[in-house]
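For this chain, numbers begin at 1 and follow the sequence in order. These figures come from a predicted structure and were not determined experimentally. Atoms considered below: every heavy atom in the structure, side chains included; atoms not considered: hydrogens, waters and symmetry mates.
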Amino acid sequence: MPGLTHEIIAEIREVFSLYDDRGDNHIPKHYLGEAVRALGLNPTEKEIRSFLSDLQRVERLSIEQFQVIFERLSRQKDNVVYPEEFIDALRVFDKDGNGLIPATELRHLLTTLGERMTDDEVEQLIGDFEDKKGMVTYEDFVKAVLQR
């Protein structure tokens, strides 16, 4: 596919295969957002819905369809996720400069700003990172979340 390197195509195929639940080289279209995010892009739900609305009659996406969508999304610089940007943004809440922020503050941010998450989604996300004092090492948190 023009515009995508062999390495990126290999990575796309690897991630795509993780979502191919039937082994038929197709993925359920409802996994589109999750799959492109696993490849490091960060489209909004609105952008994903826009692509899916063009595919109303399709229930499963082929690797070729997925690559086309990935390439279009990757051309939009805003969709590239840089961990440093999130880390720098969370550093504002690091009052002591020790790499920790209150989990309550992080919960508040995730449930009230941008594409809001539910309390349950936030608990699933933060649960493994909150220490006994209610603090989160935000750099580890950001890197782990972006790897998912």
Hydrophobic cluster membership, Val92 vs Met135, 4.5 Å side-chain cutoff:
no

Name the orientation class of the two ring planes belonging to Tyr31 and Tyr19 (parallel below 30°, tilted from 30 to 60°, perpendicular beyond 60°).
tilted

Spell out, yes or no, whether Leu100 and Val142 are grouped together once hydrophobic residues are joined by side-chain heavy atoms under 4.5 Å, including indirect joins.
no

Tell me whether Glu45 at atom CD has more than 12 heavy atoms from other residues, nucleotides or ligands lying less than 6.0 Å away.
yes

I'd like to check Thr5 versus Ile8 (side-chain heavy atoms, cut-off strictly below 4.5 Å). Are they in contact?
yes

Can you tell me if CD on Glu14 sees more than 12 non-hydrogen neighbours from other groups inside 6.0 Å?
no

Rounded to the nearest 0.5 Å, what separation is found between the CD atom of Gln67 and the CD1 atom of Ile9?
5.5 Å

Does a side-chain N-to-carboxylate-O contact under 4.0 Å join Lys143 and Asp140?
no

Check step by step if side chain to side chain contact (heavy atoms under 4.5 Å, CB included) holds for Glu121 and Thr111.
CA-CA 9 Å; Glu121 290 170 331; Thr111 57; over 6 Å; no

Please test Arg13 against Asp20 for salt bridge (charged side-chain N to carboxylate O under 4.0 Å, His left out), starting from the C-alpha separation and ending with a verdict.
CA-CA 10 Å; Arg13 291 185 186 281; Asp20 179 3; over 6 Å; no

Report the distance from atom OG1 of Thr118 to atom CG of Leu110, rounding to the nearest 0.5 Å.
10.5 Å

Would you mind checking if Asp54 and Arg49 are paired as a salt bridge, meaning a charged N to carboxylate O distance below 4.0 Å?
no

Using 4.0 Å as the upper bound for N to carboxylate O, is an ion pair formed by Glu130 and Arg107?
yes

Please name the residue in the list Leu41, Leu32, Val68, Leu39 that meets the side chain to side chain contact (heavy atoms under 4.5 Å, CB included) test with Leu73.
Leu41

How long is the span from the CZ atom in Arg60 to the CG atom in Asn25, to the nearest 0.5 Å?
10.0 Å

Looking at Lys29, Glu34, His30, Arg37, which one forms a side chain to side chain contact (heavy atoms under 4.5 Å, CB included) with Ile48?
Arg37

Kindly compute the distance separating CD (Glu71) from CZ (Arg75), expressed to the nearest 0.5 Å.
4.5 Å

Can you tell if the side chain of Phe129 reaches within under 4.5 Å of the side chain of Leu106, non-hydrogen atoms only?
no

Give, for atom CZ of Phe141 and atom CZ of Phe86, the distance between the pair rounded to the nearest 0.5 Å.
10.0 Å

Flag side-chain contact, heavy atom, 4.5 Å: Pro28 against Asp21
yes

Quick one: do Arg91 and Asp88 satisfy salt bridge (charged side-chain N to carboxylate O under 4.0 Å, His left out)? Show the steps, please.
CA-CA 5 Å; Arg91 190 170 286 123; Asp88 288 344; 2.5 Å; yes

